[in-house]
**Q** 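Take this structure, written in structure tokens, and hold onto it; I'll ask about it next.
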Amino acid sequence: MAERPEDLNLPNAVITRIIKDALPEGVNISKEARSAISRAASVFVLYATSCANNFAMKGKRKTLNSGDVLAAMEEMEFQRFVTPLKESLEAYRREQRGKKEATEQKRKDKDKKTDSDQEKNREEETVEDDDRLEEENPNDENEVDK
């Protein structure tokens, strides 16, 4: 884990952005208050992670999943955050599905283009082969006609 308590703090830039988004315009925050919020956020994340880990361990799993986090929020008595978290999770899943489908569609389009290009190349090669054969054996047509 972390060697020093400071290693557990969230990045100041992230904390500052969250604070600015949460406060009305024109409201400033002292460096000391920003530091206190950063530490509180870090403690919250550690506590939520620990609670979620307990649910994973009860399920005999080593990987935390979204259900563990949601159960931890309820256990920590943050029930009012569960619904917004579920909504955010569903939006994230929809976004990921959309990205996956777009990637698959690009791959299919690329495969179709490759197949089409290969077919064109085969047709061109066949025409070239026919032309070459005609050039090599111009008398064969006459012999067939006889």
Side-chain angles (χ1 to χ4, degrees), residues 1-138 140-141:
M1 211 163 134
E3 294 178 19
R4 305 172 305 173
E6 300 85 42
D7 293 342
L8 300 174
N9 288 341
L10 297 170
N12 284 332
V14 173
I15 297 297
T16 300
R17 185 171 22 110
I18 292 171
I19 291 170
K20 283 184 179 181
D21 289 347
L23 293 175
E25 194 158 329
V27 175
N28 295 319
I29 185 164
S30 71
K31 192 174 185 179
E32 187 177 273
R34 187 172 38 246
S35 177
I37 290 172
S38 176
R39 288 185 184 145
S42 295
V43 168
F44 175 79
V45 169
L46 290 170
Y47 182 54
T49 303
S50 176
C51 288
N53 187 50
N54 289 339
F55 283 101
M57 287 177 19
K58 286 177 189 173
K60 297 181 180 176
R61 292 177 283 108
K62 291 186 177 184
T63 302
L64 304 178
N65 62 35
S66 58
D68 298 327
V69 175
L70 294 170
M73 295 303 286
E74 288 181 6
E75 182 176 286
M76 295 176 351
E77 298 182 8
F78 283 102
Q79 291 88 351
R80 70 182 194 150
F81 293 112
V82 171
T83 300
L85 282 173
K86 284 180 180 179
E87 291 168 0
S88 294
L89 179 61
E90 187 55 39
Y92 171 79
R93 287 176 176 161
R94 278 193 305 271
E95 181 181 322
Q96 293 303 307
R97 270 194 304 270
K99 287 180 180 179
K100 184 177 180 181
E101 289 169 0
T103 301
E104 288 175 1
Q105 187 62 42
K106 283 181 184 177
R107 184 184 49 78
K108 286 178 183 177
D109 291 346
K110 183 180 177 184
D111 289 347
K112 283 181 184 178
K113 184 180 183 316
T114 302
D115 290 346
S116 175
D117 289 348
Q118 287 175 349
E119 182 63 31
K120 285 180 185 177
N121 289 341
R122 277 190 287 251
E123 288 173 5
E124 289 172 1
E125 288 173 1
T126 302
V127 169
E128 289 173 1
D129 288 345
D130 290 347
D131 291 345
R132 189 171 20 83
L133 283 173
E134 285 179 15
E135 289 173 3
E136 291 175 358
N137 302 316
D140 285 349
E141 286 182 19

**Q** Report the residues that fulfil side-chain hydrogen bond (donor to acceptor under 3.5 Å, both in side chains) with D109, sequence neighbours left out, ordered by chain and then residue number.
**A** Q105

**Q** Where do T103 and K106 land on the side chain to side chain contact (heavy atoms under 4.5 Å, CB included) test, with the steps shown first?
**A** CA-CA 5 Å; T103 301; K106 283 181 184 177; 5.7 Å; no

**Q** Roughly how far, to the nearest 0.5 Å, is the CD atom of Q96 from the NZ atom of K100?
**A** 10.5 Å

**Q** At what distance, to the nearest 0.5 angstrom, does OG of S42 lie from CG of L10?
**A** 4.0 Å

**Q** Please list all pairs meeting salt bridge (charged side-chain N to carboxylate O under 4.0 Å, His left out) that have one or both residues in residues 26-39, counting only residues at least two apart or in different chains.
**A** none

**Q** Write out all pairs satisfying side chain to side chain donor-acceptor pair (under 3.5 Å) with one or both partners inside residues 52-65, taking only residues at least two apart or from two chains.
**A** R61-D68

**Q** Can you pull the ring-ring contact (aromatic ring centres under 6.0 Å, His included) pairs that have at least one residue in residues 8-67, sequence neighbours excluded?
**A** F44-F78

**Q** Using the ring-ring contact (aromatic ring centres under 6.0 Å, His included) rule, collect all pairs that involve residues 15-42, keeping only residues at least two apart or in two chains.
**A** none

**Q** With sequence neighbours excluded, what pairs up with K108 under the side chain to side chain contact (heavy atoms under 4.5 Å, CB included) test?
**A** none

**Q** Test: side chain to side chain donor-acceptor pair (under 3.5 Å). Region: residues 69-93. Which pairs qualify, not counting sequence neighbours?
**A** S66-R93, E90-R97

**Q** With a 3.5 Å cut-off and sequence neighbours excluded, list the donor-acceptor pairs that the side chains of residues 22-29 form with protein atoms.
**A**
none

**Q** Do S50 side-chain atoms and L46 backbone N/O form a donor-acceptor pair below 3.5 Å?
**A** no

**Q** If you look at every heavy atom in A72 and A52, which pair is closest and at what distance?
**A** CB-N, 3.5 Å

**Q** Tell me, please, which residues at least two apart from L85 pass side chain to side chain contact (heavy atoms under 4.5 Å, CB included).
**A** L70, M73, F81

**Q** State the CG-CD1 distance between N12 and I19, to the nearest 0.5 angstrom.
**A** 9.0 Å

**Q** Go through the structure and list residues passing side chain to side chain contact (heavy atoms under 4.5 Å, CB included) with A36, not counting sequence neighbours.
**A** none

